[in-house]
Amino acid sequence: MSAPKVDQFIAGKRTATQSEAGASHSVINPATGETIARVDLNAKRSAEAAVQAAYEAFPAWSATPVGDRCQVMFKYKALLEKHFEELASLIVKEHGKTMAEAKGDVRRGIDCVEFACAAPTLMMGKTLPQIAVSSSFCRTEDKSGVGIDSFVDRVPLGVCVGITPFNFPVMVPLWMWPMAVACGNTFVLKPSEKVPLSAIREVELAHEAGLPAGVLNLVTGGPEVVDHLITHDDVKAVSFVGSTRVAQHIYKTATAAGKRAQCMGGAKNYMVIMPDANQDAAIEGIVGSAFGNSGQRCLAGSVCIAVGDAGEWLIPKLKAAAEKIKVAEGNTPGVGMGPVIDDASKQRILGFIASGETDGAKMILDGRKCEMPNKGCFVGPTIFDNVRPGMKIVDEEIFGPVLSIVREATLDAALATMNKSRYGNMGVIFTSSGYNARRFKTHAQVGMVGINVGVPAPMAVFPFAGWKQSFFGDLHANGEDAAKFWTESKVVVARWM
Ligand code: NAD
């Protein structure tokens, strides 16, 4: 029996794809390689229907009091808690991450829904009474003239679009649409074609929570659907998360079409290890950062800079800790690392490992040789030492469980090496010196800094995004930036005769 085709979710219900002739994508379980669903890549007619539904829903939804809109979010948060295990299981199935990581994915997504419940406060405008006085038209008894007041409202934009990557199937969509919708916008979500099943369930649950039809729609598809959405006349804003190549394309195309855009791109994250670091905390933090989610995080630390003689303890301890990671299917007891997303990704990662050897890096731990299932898309934890800038493994995003170790004599040399990267998502230091930590935080050219924390993922109340080629735009995801991104300001100057 062939795998079922993934539905769209348009105007409040699941609907079959209105497909044109074109390619389709097989959604696989990366732990087994088995095809579990199919996605039409060229569902432009469905995309059109989704924008239309969002456009028609906008007047009523934007006029609904923000407190009432948030009541839906409160109910949605409760439903997500109720369906927590179900959503996490879907993530394990279509993405491959471990059950613990999948639960983290859902939990961090719920944080965003909770934050969206603060929309009444976040959308508040400002007022400045008596900015001027007008003497004309004033009543004769009013000797002081007529006061003029000014205020700024924050109002929703209209139809907004979100395009998401494969690596956090539930959380990244929740970075976008709950705040957009709580602010009064309507939304079309285009999830990664690799992980559409948990996203459609997430959208379905929002309707069970009481979201009116058309406020949130989901279309599946590939680049043609994306390009259709981001240039559509009725779309006002685009939020994107994915690789730098696509982020750049989307930012240029959407802004050229007059849309507001924020595009979070790829990363190559450095972790600087000082000789004075707490060794156990550093090892735990580095291993979690480099190999958690099989290295498929935009906050994955993929380069360690061992400063001074830190390498002497770092390398043997790191190797011992990484060797202990159990590589297996995500529900296996004791599992530490699941597969990577698909075979193409596995082959790309194996290509990077081969290039590390060819370029002369020293293999410390070979992830091709670790104990792991013999089917599915598995690559074990891999560590290279003596890596130098200019090698492919340190210059490019691998998005897999490969950690490169670079040696530098001083913190300043480490900062200089790190800051040469074209990416600037996050940087981490492990040290027991406040002076070193402060120096690192001050000079690191990145959007997110970790001090003795391997994955400095900001809570939803803080903005999330990098610098340089890790981000294209102005306002970041989450935090107060999100409420600003999803609203427009309107200034009023008022005089009452
Ligand atoms: P990707 O760029 O391949 O795909 C992301 C989305 O863009 C998907 O929905 C996909 O269908 C669409 N897409 C792909 N090619 C396109 C094209 N040519 N035109 C228009 N749309 C296109 O990314 P991915 O492989 O799904 O995710 C991994 C990447 O995402 C990594 O680079 C990772 O660093 C990045 N990421 C960044 C952040 C961040 O906050 N900076 C967070 C998570 C992931």
Side-chain angles (χ1 to χ4, degrees), residues 6 23-25 27 30 39-44 47 94-95 97 105 108-109 112 161-176 188-196 199 218-231 238-254 261-269 293-302 340-342 344-345 348-349 396-400 421-426 446-448 455-458 460 462-473 476-479 481-482:
V6 178
S24 70
H25 175 84
V27 181
V39 171
D40 267 329
L41 289 177
N42 190 21
K44 272 201 284 193
E94 65 178 351
H95 178 282
K97 63 179 78 178
D105 192 330
R108 296 308 294 254
C112 301
V161 162
I163 297 138
T164 54
F166 77 80
N167 65 329
F168 281 89
V170 165
M171 179 190 78
V172 175
L174 292 175
W175 280 1
M176 300 176 181
V188 179
L189 171 67
K190 205 302 286 174
S192 165
E193 62 278 17
K194 296 175 186 173
V195 291
L218 177 148
V219 281
T220 58
E224 287 175 62
V225 169
V226 171
D227 287 348
H228 184 72
L229 290 172
I230 65 175
T231 53
V238 175
S239 183
F240 169 85
V241 178
S243 61
T244 288
R245 180 183 61 82
V246 183
Q248 225 159 0
H249 160 70
I250 296 210
Y251 190 71
K252 275 189 196 155
T253 312
Q262 56 171 196
C263 299
M264 276 61 79
K268 189 77 191 174
N269 302 310
N293 216 21
S294 306
Q296 301 170 117
R297 284 194 193 117
C298 69
L299 290 177
S302 55
V340 296
I341 188 69
D342 54 22
S345 187
R348 197 194 64 246
I349 296 162
E396 292 179 28
E397 180 178 39
I398 301 175
F399 223 55
S421 172
R422 68 189 176 104
Y423 298 105
N425 216 39
M426 74 86 161
V446 295
M448 293 170 274
V455 183
F462 290 104
F464 189 118
W467 289 8
K468 301 200 263 185
Q469 301 230 324
S470 296
F471 179 66
F472 304 90
H476 290 184
N478 291 329
D481 275 23

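This structure is a prediction, so every number in the text was calculated from the model and none was measured. Along the sequence shown, residues are numbered consecutively beginning with 1. First listed ligand is number 1; within each ligand, the first listed atom is number 1.
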Check whether any side-chain heavy atom of [X] sits under 4.5 Å from a side-chain heavy atom of [Y], and report yes or no.
X	Y	result
Glu193	Val6	no
Leu229	Val238	no
Asn478	Cys112	yes

- Query: CD1/Ile250 to CZ/Arg245 distance, rounded to the nearest 0.5 angstrom?
  - Reply: 10.0 Å

- Query: How long is the span from the CD atom in Gln469 to the NZ atom in Lys268, to the nearest 0.5 Å?
  - Reply: 14.5 Å

- Counting only non-hydrogen atoms of the protein, does one fall under 4.0 Å from atom 4 (O) of ligand 1? no

Selection from [options] by shortest heavy-atom distance to [atom]:
atom	options	value
atom 16 (C) of ligand 1	Val226, Ile398, Val246	Val246
atom 2 (O) of ligand 1	Gly221, Ala344, Ser243, Ser470	Ser243
atom 17 (C) of ligand 1	Gly222, Ala267, Pro223	Pro223
atom 37 (C) of ligand 1	Pro165, Cys263, Ala247, Gly265	Gly265

Proximity of [X] to ligand 1 by residue part, where a heavy atom lies under 4.0 Å:
X	value
Gln296	neither
Glu397	side chain
Phe464	side chain
Trp175	side chain

[atom]: the protein heavy-atom neighbour that sits closest, reported with distance to 0.1 Å:
atom	result
atom 7 (O) of ligand 1	Phe240 CE1, 3.3 Å
atom 26 (O) of ligand 1	Phe166 N, 3.1 Å
atom 28 (C) of ligand 1	Phe399 CE2, 3.4 Å
atom 44 (C) of ligand 1	Asn167 OD1, 3.3 Å
atom 35 (C) of ligand 1	Gly242 O, 3.1 Å
atom 8 (C) of ligand 1	Thr164 O, 3.3 Å
atom 12 (C) of ligand 1	Ile163 CG2, 4.2 Å
atom 39 (C) of ligand 1	Cys298 SG, 3.4 Å

- Nitrogen or oxygen atoms of Lys190 and ligand 1 under 3.5 Å apart: yes

- Could an N or O of ligand 1 be found under 3.5 Å from any N or O of Glu193, whether backbone or side chain? yes

- Message: Which residues pass the salt bridge (Lys or Arg N to Asp or Glu O under 4.0 Å) test with Asp342, not counting sequence neighbours?
- Response: Lys194

- salt bridge (Lys or Arg N to Asp or Glu O under 4.0 Å) with Lys468: which residues, sequence neighbours excluded? none

- Task: Please answer whether the main-chain N or O of Ser239 pairs with a side-chain N or O of Gln262 as donor and acceptor at a distance below 3.5 Å.
- Result: no

- Task: Report yes or no: does a heavy atom of Val241 sit under 4.0 Å from some atom of ligand 1?
- Result: yes

- Assign the ring pair Phe166 / Phe399 to parallel, tilted or perpendicular, where the plane angle (0 to 90°) is split at 30° and 60°. perpendicular

